[in-house]
Q: 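Below you'll find the structure I mean.
All values below come from the heavy atoms of this structure, side chains included, with hydrogens, waters and symmetry mates left out.
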2 protein chains.
Amino acid sequence: MDTVERTPVDLPGSDAEPAGTARDTAGGAPAHRRARARATASMADVARLAGVSSQTVSRVSNGYAGVTEETRRQVLAAMKELGYRPNSAARALKRGEFRTIGVITFTLSTTGNVRTLEAIATSAAHEGYAVTLLPVAVPTQDEVRGAFSRLEELAVDAVIVIMEVHLLDAATVTLPPHVQVVVVDSDAGDHYTVVDTDQAGGTRAAVQHLLGLGHRTVWHLGGPEGSFAAQRRTDAWHAALTEAGRVPPPLIRGDWSADSGYRAGLELAARDECTAVFAANDQMALGLLRALHERGRRVPEDVSVIGFDDIPEASSFLPPLTTVHQDFAEVGRLCVQAVLSKMRQDGPERGTTLVPTRLVRRASTAPPPETT
Amino acid sequence: MDTVERTPVDLPGSDAEPAGTARDTAGGAPAHRRARARATASMADVARLAGVSSQTVSRVSNGYAGVTEETRRQVLAAMKELGYRPNSAARALKRGEFRTIGVITFTLSTTGNVRTLEAIATSAAHEGYAVTLLPVAVPTQDEVRGAFSRLEELAVDAVIVIMEVHLLDAATVTLPPHVQVVVVDSDAGDHYTVVDTDQAGGTRAAVQHLLGLGHRTVWHLGGPEGSFAAQRRTDAWHAALTEAGRVPPPLIRGDWSADSGYRAGLELAARDECTAVFAANDQMALGLLRALHERGRRVPEDVSVIGFDDIPEASSFLPPLTTVHQDFAEVGRLCVQAVLSKMRQDGPERGTTLVPTRLVRRASTAPPPETT
DNA sequence: GTGGGTGATGTTTGCGTAAACATCGAGTGT
DNA sequence: ACACTCGATGTTTACGCAAACATCACCCAC
């Protein structure tokens with residue numbers, strides 16, 4: 001049972017623990033005292049060993065000035081011997097901040113969310129902040145409300161929401177007043193601080209690339225209705241075509257999944273006039289490619305396909321996919337920056353920050369077939 | 001068996017937030033005091049307003065028995081009026097537990113890790129635990145050590161490691177002694193508690209499927225050297241072939257990426273004797289498919305390809321990929337269960353739990369071409 | 001009526017830390 | 001030499017909560 005597994009440092013005093021796993025209610029002795037004692041060394045223990053006051057330990061621990069090099073060494077030695085590490089609960093209680101950022105996200109099934117989350121976690125760690133994850137299984141108001149009510153008593157100083165904001169608004173959010181919020185994938189820039197990819201710019205680049213190749217117009221396989229990202233890509237596609245004097249074909253909707261792209265592709269393959277398709281993400285583009293292939297429409301000779309995201313696999317599609325690269329890492333990084341500067345009260349309270357995209361040309365786009 | 005689903009209260013409304021956003025940086029006054037004052041109402045405030053002792057507030061807050069309905073109502077009213085919410089730092093300090101699980105993971109770029117993480121977060125939330133994410137950017141010992149040293153002072157009760165454990169061992173881990181550890185993707189079952197997919201079983205199913213179709217032998221596109229998952233799939237492939245009396249062809253290694261699969265595919269396409277390939281994951285299978293296609297080797301007519309993971313896109317590959325489905329959600333769920341039961345000291349201290357796989361037959365496998 | 005429950009509530013205490021304040025000795029300027 | 005500053009360190013206190021213990025009113029059995 002209680003073998004001395006871990007063996008961190010040789011904890012001085014961890015010798016005893018005589019089988020009685022704090023379970024003995026019978027003992028008339030001050031059981032509770034022994035039970036919790038010495039779980040971890042506290043500042044006081046270190047202070048005692050080092051022969052200084054606990055305040056000095058605190059100073060060393062926090063790197064404050066005003067400690068002799070000599071004293072400092074002693075304290076550090078004592079810390080090491082005892083395997084001391086500060087108790088973050090106590091620290092948080094005292095300081096009134098937790099150095100933790102909560103991230104609310106609706107599923108991690110999309111590349112974008114995941115990459116953004118990863119960047120957030122990395123940036124946060126770099127700033128000395130931990131990241132607490134709050135997944136929302138299904139995007140119902142109840143679920144979101146649940147996430148927030150958990151959040152309310154969770155120890156976080158700030159929140160980053162990777163999700164549609166209309167849900168957020170709907171869920172009578174009752175955050176502690178000092179907790180800052182930053183949102184991804186939203187157009188709520190007038191209510192919140194928003195960081196997002198420049199959806200419009202990327203879309204424009206994609207459309208113009210296709211038009212530049214000589215296509216009359218560009219079909220669009222859009223994302224699901226609820227998504228702001230999808231909405232903005234669709235809007236930008238429409239605008240870019242209109243500005244260029246082209247007639248936007250009817251919109252086709254998918255749900256981000258490859259399957260939905262496949263279904264849309266079967267439809268599009270039947271239309272000879274369709275020579276170029278802009279898919280709102282790479283997964284749908286993948287399904288699209290499969291459908292076109294099955295129906296004997298060659299890519300890019302007969303139909304050009306362009307995606308959005310630039311997932312790592314995109315370069316291995318058949319054919320390798322031309323797509324709009326999103327810099328998720330930058331989005332995540334900026335989220336953290338934004339939320340931290342809000343906390344320090346030196347950043348903009350709201351507004352939108354856009355991260356530029358980059359068009360990656362591969363083999364899925366080409367000039368349209370000769371029209372006879 | 002439900003945990004005592006606390007149900008503190010239904011949360012107080014977020015009415016006011018009275019503009020006082022602490023904006024005065026200029027004031028020469030005792031700034032710090034103002035800053036932290038009145039951030040949140042404490043139990044004492046609620047107690048005062050309700051005309052009871054703070055202990056009674058505590059009892060209400062924690063749903064303990066022994067409070068008159070009348071008193072309870074008063075306390076709840078006071079909570080609501082003050083917008084009270086418990087301070088989790090204080091609670092953690094007092095109770096000695098944080099109700100938080102740390103998850104260490106090396107990049108979120110693989111589907112498996114992400115899905116597992118998601119399941120962990122969901123399960124943990126369900127048990128009333130929060131999840132703190134600790135990403136390790138690069139799998140160097142320094143990085144891992146860094147993650148752990150952050151972890152050391154982080155407020156977690158347990159740790160789940162989704163990573164190669166040899167790195168873990170290498171990084172002189174010094175966790176607080178009471179913190180429990182569970183590991184995914186490892187064979188360190190004799191040192192740690194391990195939860196993992198049944199790599200061997202899945203591999204065996206894949207190999208036997210191909211042999212059953214009539215292939216003489218099965219080539220293997222393995223994962224990178226460092227990975228235990230890769231190692232076990234490779235071992236199982238070798239064993240399955242040997243047991244069946246077949247001669248295992250030389251091993252080809254990739255690095256999980258589609259690109260590496262592509263490179264391997266170019267090599268394999270040149271070998272006419274190769275009629276069946278088992279790729280250690282779906283991404284590499286994707287690259288493989290592309291290479292075979294480019295070299296004019298038809299799948300599945302000339303070469304059968306089988307993958308591992310069953311990523312959502314696999315059904316949209318060209319052709320749709322036969323692959324071994326992993327139940328990542330179950331892995332994540334079991335991780336949480338394992339770590340919690342270790343904390344409650346009623347679970348096995350170590351050992352390995354395997355999650356079964358399922359072979360998903362799609363269109364990338366078929367009997368070998370007629371050998372003339 | 002007295003002693004002994006029983007349940008509702010109040011009081012004390014301490015978790016580990018760090019801010020605020022106190023102390024103390026050594027140097028500095030005149 | 002004296003008052004003074006300044007740097008190093010110690011002492012006190014409070015953060016918000018909940019366990020342990022104390023109190024108090026009430027009811028019941030004998």
Q: Within the structure shown, what part of the strands sits under 4.0 Å from A:Ser42 by heavy-atom distance: base, sugar-phosphate, or nothing?
A: sugar-phosphate

Q: So, are A:Arg72 and A:Glu70 salt-bridged, with charged N and O less than 4.0 Å apart?
A: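 Between A:Glu70 and A:Arg72 there is no salt bridge, as every charged N stays at least 4.0 Å from the carboxylate O atoms.
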
Q: Could you tell me how far apart A:Phe98 (CZ) and C:dT17 (C1') are, to the nearest whole angstrom?
A: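 Computing the A:Phe98:CZ to C:dT17:C1' distance gives 14 Å.
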
Q: Categorize A:Thr56 for me: base, sugar-phosphate, or nothing, with a 4.0 angstrom heavy-atom threshold over every strand shown.
A: sugar-phosphate

Q: Taking B:Val46 as the fixed residue, which of B:Leu76, B:Leu82, B:Thr56, B:Val60 is the one that meets the side chain to side chain contact (heavy atoms under 4.5 Å, CB included) rule?
A: B:Leu82

Q: Looking at C:dT17, D:dA18, C:dT9, which one has an atom nearest to any side-chain atom of B:Met43?
A: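 Nearest to the side-chain atoms of B:Met43, counting from C-beta on, is D:dA18.
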
Q: Taking only side-chain nitrogens and oxygens of B:Tyr64, does any of them come within less than 4.0 Å of OP1 or OP2 of D:dA19?
A: yes

Q: For B:Val57, report the nucleic acid contact type (base, sugar-phosphate, nothing); a contact means any heavy atom under 4.0 Å.
A: nothing

Q: Of B:Ala90 and B:Gly51, whose closest DNA chain C nucleotide lies nearer the 5' terminus?
A: B:Gly51

Q: From the set D:dA14, D:dT9, D:dA18, return the single nucleotide nearest to any side-chain atom of A:Thr68.
A: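 Ranking D:dA14, D:dT9, D:dA18 by closest atom to the A:Thr68 side chain puts D:dT9 first.
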
Q: Does the side chain of B:Met343 reach to within under 4.5 Å of the side chain of B:Tyr129, using non-hydrogen atoms?
A: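 Yes, close enough: below the 4.5 Å cut-off.
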
Q: Which is more 5' along DNA chain C, the nucleotide nearest A:Ser61 or the one nearest B:Thr71? Just name the residue.
A: B:Thr71

Q: For a quick check, tell me whether the side chain of A:Arg59 and the base of D:dG10 share a donor-acceptor pair closer than 3.5 Å.
A: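 Result: at least one qualifying N/O pair found.
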
Q: Which nucleotide sits closest to the side chain of B:Gln55: D:dA14, C:dT9, D:dA18?
A: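 Per side-chain heavy atoms of B:Gln55, the pick is D:dA18.
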
Q: Is there a side-chain contact between B:Ile160 and B:Ile104 in this structure, where contact means two heavy atoms from C-beta onward sitting under 4.5 Å apart?
A: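 No - every pair of side-chain heavy atoms lies 4.5 Å or more apart.
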
Q: Expressed as a whole number of angstroms, how long is the span from B:Leu93:CG to D:dC17:P?
A: 12 Å

